[in-house]
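Below: one structure, written as structure tokens.
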Amino acid sequence: MSALARTALSALHLSYDTDEEKMPPHVLLAHQKYACTPSDSDDPTSVLTPPSSGKNILLHSCCAPCSGAMIHEMSRLNLNVTVIFYNPNIHPYAEYLIRKEENLKFCLKLKINFIDLDTDKDYGQKLWFKLAKGMESDAERGNRCTMCFDMRMMRTAEYAKENGFEVIATTNATSRWKDTEQVDSTAQAAADKHGLEYWRGSWKSDRLTLLKYQISAGERFYKQEYCGCTYSLRDSNLWREKEGIGKIKIGGEEAGLGSRWFTDASVDAEEENQDVVDSFFADANAVADKVEEGGNRRDAWKVLKGDELKELYEERNKGENGGKGLNNW
Ligand code: SF4
């Protein structure tokens, strides 16, 4: 057993086989590759308490980068994690395939089960658009997103119930672009409906955010540039136009902003720091209000001056340290 494995074990009181030769790949990932391991000196809020109902976790995943730290932590805690990919909200199809295939490849590498709920090229899109009707102009974190989380978590919980999982979790809970209460309440409702436990963890702690960027850079994951749906693509591009940033690119070797792949944890984190997140949401919400009042979307984006609207978002979730830490999608 290496010195690193021994240190990690004494700090964490883990119970799995410590002979690295025999460890499955996902446990090795937890042990060896990334240095970010909790210790007694860590902020207690960043230490995860394992779920109480059982060890079989069905993890709803939106993409590989958001799944890395969660899989890492679940493996470290000796839990059985299975990834389920059900994301009818990712458009266009080319982007959907990139995100799905990369998540699949990561799970194959770690020898973790990957459930793909697609039955055809529609992958639930028609139903998603039907449910999103009337909410096309909502800003991110609005009612459309509640519907979007509801739809994905209900299907996840249904699958979990049918297949003997005791606990569900979602990678949406790792992202500061998402409203924690919105993510948690929709997942909790889905779990309650099917008599399951929803694992609420401190997934946005600075420790796990750093770990997420480290894994993403280590695995050289594809760096997606917007949340997923066609409306988030539209609004992200309009915001970029206002900020003078290049348009989002789907696939290919180059991204609209920064590098195409995660390569450096601190540089990657800086591209989407808290100021970027706050500026985007301040603008997006103001535009949604103007559109609701009958204004033109493109004109609304053009007249905004991001800074003066930031106060709108002062109460939003900013993670630890009042938002001074790292951020993620
Ligand atoms: S912005 Fe993201 S969470 Fe909201 S509806 Fe679109 S894909 Fe779903």
Side-chain angles (χ1 to χ4, degrees), residues 26 29-30 34 48 51 57-77 79-90 95-96 98-107 109-110 112-117 140-141 145 148-157 159-160 165 167-188 190-191 196-205 207-216 219 221-224 226-229 232 262 268-269 272 277 317 319 326-329:
H26 60 288
L29 168 83
Y34 303 102
L48 292 167
I57 321 286
L58 186 62
L59 173 62
H60 167 267
S61 178
C62 58
C63 61
C66 288
S67 71
M70 288 186 84
I71 291 174
H72 178 287
E73 290 298 288
M74 290 177 189
S75 303
R76 186 179 62 74
L77 294 167
L79 301 168
N80 305 320
V81 55
T82 293
V83 165
I84 186 166
F85 198 90
Y86 178 64
N87 297 295
N89 58 312
I90 303 174
E95 177 79 8
Y96 172 79
I98 291 169
R99 295 189 196 183
K100 182 172 83 169
E101 283 172 8
E102 184 161 64
N103 213 164
L104 170 62
K105 214 163 71 187
F106 184 52
C107 289
K109 179 177 170 184
L110 300 179
I112 284 178
N113 288 336
F114 182 90
I115 312 294
D116 177 3
L117 286 185
E140 281 185 36
R141 296 179 174 170
C145 299
C148 184
F149 297 136
D150 269 341
M151 180 186 182
R152 291 183 284 161
M153 292 318 297
M154 281 295 176
R155 186 71 189 94
T156 298
Y159 186 93
F165 293 90
V167 181
I168 59 169
T170 174
T171 59
N172 286 318
T174 68
S175 172
R176 285 191 187 144
W177 291 89
K178 308 282 184 291
D179 183 286
T180 305
E181 187 43 39
Q182 196 176 28
V183 169
D184 284 345
S185 58
T186 50
Q188 187 68 60
L196 302 165
E197 179 177 353
Y198 168 59
W199 188 6
R200 288 177 191 241
S202 51
W203 305 112
K204 293 186 194 179
S205 67
R207 177 178 75 79
L208 293 182
T209 299
L210 174 61
L211 179 62
K212 172 178 170 170
Y213 281 108
Q214 287 178 329
I215 293 175
S216 294
E219 300 295 325
F221 284 143
Y222 172 81
K223 198 186 285 176
Q224 61 213 38
Y226 61 106
C227 184
C229 67
S232 63
F262 288 91
D268 297 333
E272 45 185 357
V277 175
N317 180 3
L326 300 167
N327 306 295
N328 50 37
W329 283 100

Original post:
Going from SG on Cys63 to CD on Glu95, what distance comes out if it is rounded to the nearest 0.5 angstrom?
Top reply: 9.5 Å

Original post:
Got a second to check how far Ser61's OG is from Arg99's CZ, nearest 0.5 Å?
Top reply: 11.0 Å

**OP:** Report the C-alpha separation of Ile71 and Val83 in whole Å, then their side-chain angles, then the decisive distance to 0.1 Å, and conclude whether the side-chain contact (heavy atoms from CB on, under 4.5 Å) test is met.
**Re:** CA-CA 9 Å; Ile71 291 174; Val83 165; 3.9 Å; yes

Subject >> Evaluation steps, side-chain contact (heavy atoms from CB on, under 4.5 Å), between Ser67 and Asn103 >> reply: CA-CA 8 Å; Ser67 71; Asn103 213 164; 3.4 Å; yes

Original post:
How long is the span from the CD1 atom in Ile90 to the CD atom in Gln224, to the nearest 0.5 Å?
Top reply: 7.0 Å

**OP:** List the steps, then state whether side-chain contact (heavy atoms from CB on, under 4.5 Å) holds for Leu48 with Ser202.
**Re:** CA-CA 6 Å; Leu48 292 167; Ser202 51; 3.8 Å; yes

Subject >> Verdict with supporting geometry, Glu219 and Ile215, side-chain contact (heavy atoms from CB on, under 4.5 Å) >> reply: CA-CA 6 Å; Glu219 300 295 325; Ile215 293 175; 4.0 Å; yes

**OP:** Taking the side chain as every heavy atom from C-beta outward, state whether Leu79 and Pro51 have any atom pair closer than 4.5 Å.
**Re:** yes

**OP:** Please check if the side chain of Ser175 supplies one atom and the backbone of Asn172 the other of a donor-acceptor pair under 3.5 Å.
**Re:** no

**OP:** Please check if any side-chain donor atom of Asn87 sits under 3.5 Å from a side-chain acceptor atom of Tyr96, or the reverse.
**Re:** no

**OP:** Over all heavy atoms of both residues, which pair between Phe114 and Phe85 is shortest? Give the atoms and the distance, please.
**Re:** CZ-CB, 3.5 Å

Subject >> Shortest non-hydrogen separation from Cys62 to Thr171 and the atoms involved >> reply: N-OG1, 2.9 Å

**OP:** Work out which heavy atom in Ser75 is nearest to a heavy atom in Val81; give both atom names and the distance.
**Re:** OG-CG1, 4.5 Å

Original post:
So do the side chains of Glu73 and Leu211 get within less than 4.5 Å of each other, counting heavy atoms only?
Top reply: yes

Original post:
How long is the span from the CD1 atom in Ile57 to the CE atom in Met74, to the nearest 0.5 Å?
Top reply: 5.5 Å

**OP:** For residues Phe165 and Thr156, determine if any side-chain heavy atom of one lies less than 4.5 Å from a side-chain heavy atom of the other.
**Re:** no

Subject >> Min side-chain heavy-atom separation Met153-Ile168 under 4.5 Å >> reply: yes

Subject >> Distance-minimising heavy-atom pair for Lys204 and Thr209 >> reply: O-OG1, 3.4 Å

Original post:
Quick one: does Ile84's side chain get under 4.5 Å of Leu117's, heavy atoms only?
Top reply: yes

Original post:
So, Glu140 versus Tyr226: side-chain donor-acceptor pair below 3.5 Å or not?
Top reply: no

Subject >> Main-chain N/O of Ala173 paired to Thr170 side chain as donor or acceptor, under 3.5 Å >> reply: no

**OP:** Mind listing the closest non-hydrogen atom pair of Arg141 and Trp177 along with its distance?
**Re:** NE-O, 3.2 Å

**OP:** Mind checking ring pair (Phe, Tyr, Trp, His ring centres under 6.0 Å) for Phe221 and listing every partner two or more places apart, or none if nothing turns up?
**Re:** Phe106

Subject >> Minimum-distance pair of heavy atoms, taken over all atoms of Gln182 and Cys145 >> reply: NE2-CB, 3.7 Å

Original post:
Do Trp203 and Lys212 come within less than 4.5 Å of each other through their side chains, counting heavy atoms only?
Top reply: no

Original post:
Below 4.0 angstrom, N of the basic side chain to O of the carboxylate: do Lys105 and Glu102 qualify?
Top reply: no

Subject >> Beyond-backbone contact of Thr186 with Arg152, side-chain heavy atoms, under 4.5 angstrom >> reply: no

Subject >> Distance in Å, Lys100 NZ paired with Asp116 CG, rounded so as to fall on 0.5 Å steps >> reply: 3.5 Å

Subject >> Atom pair CG (Leu59) and CG (Asn113), whose distance is rounded to the nearest 0.5 Å >> reply: 12.5 Å

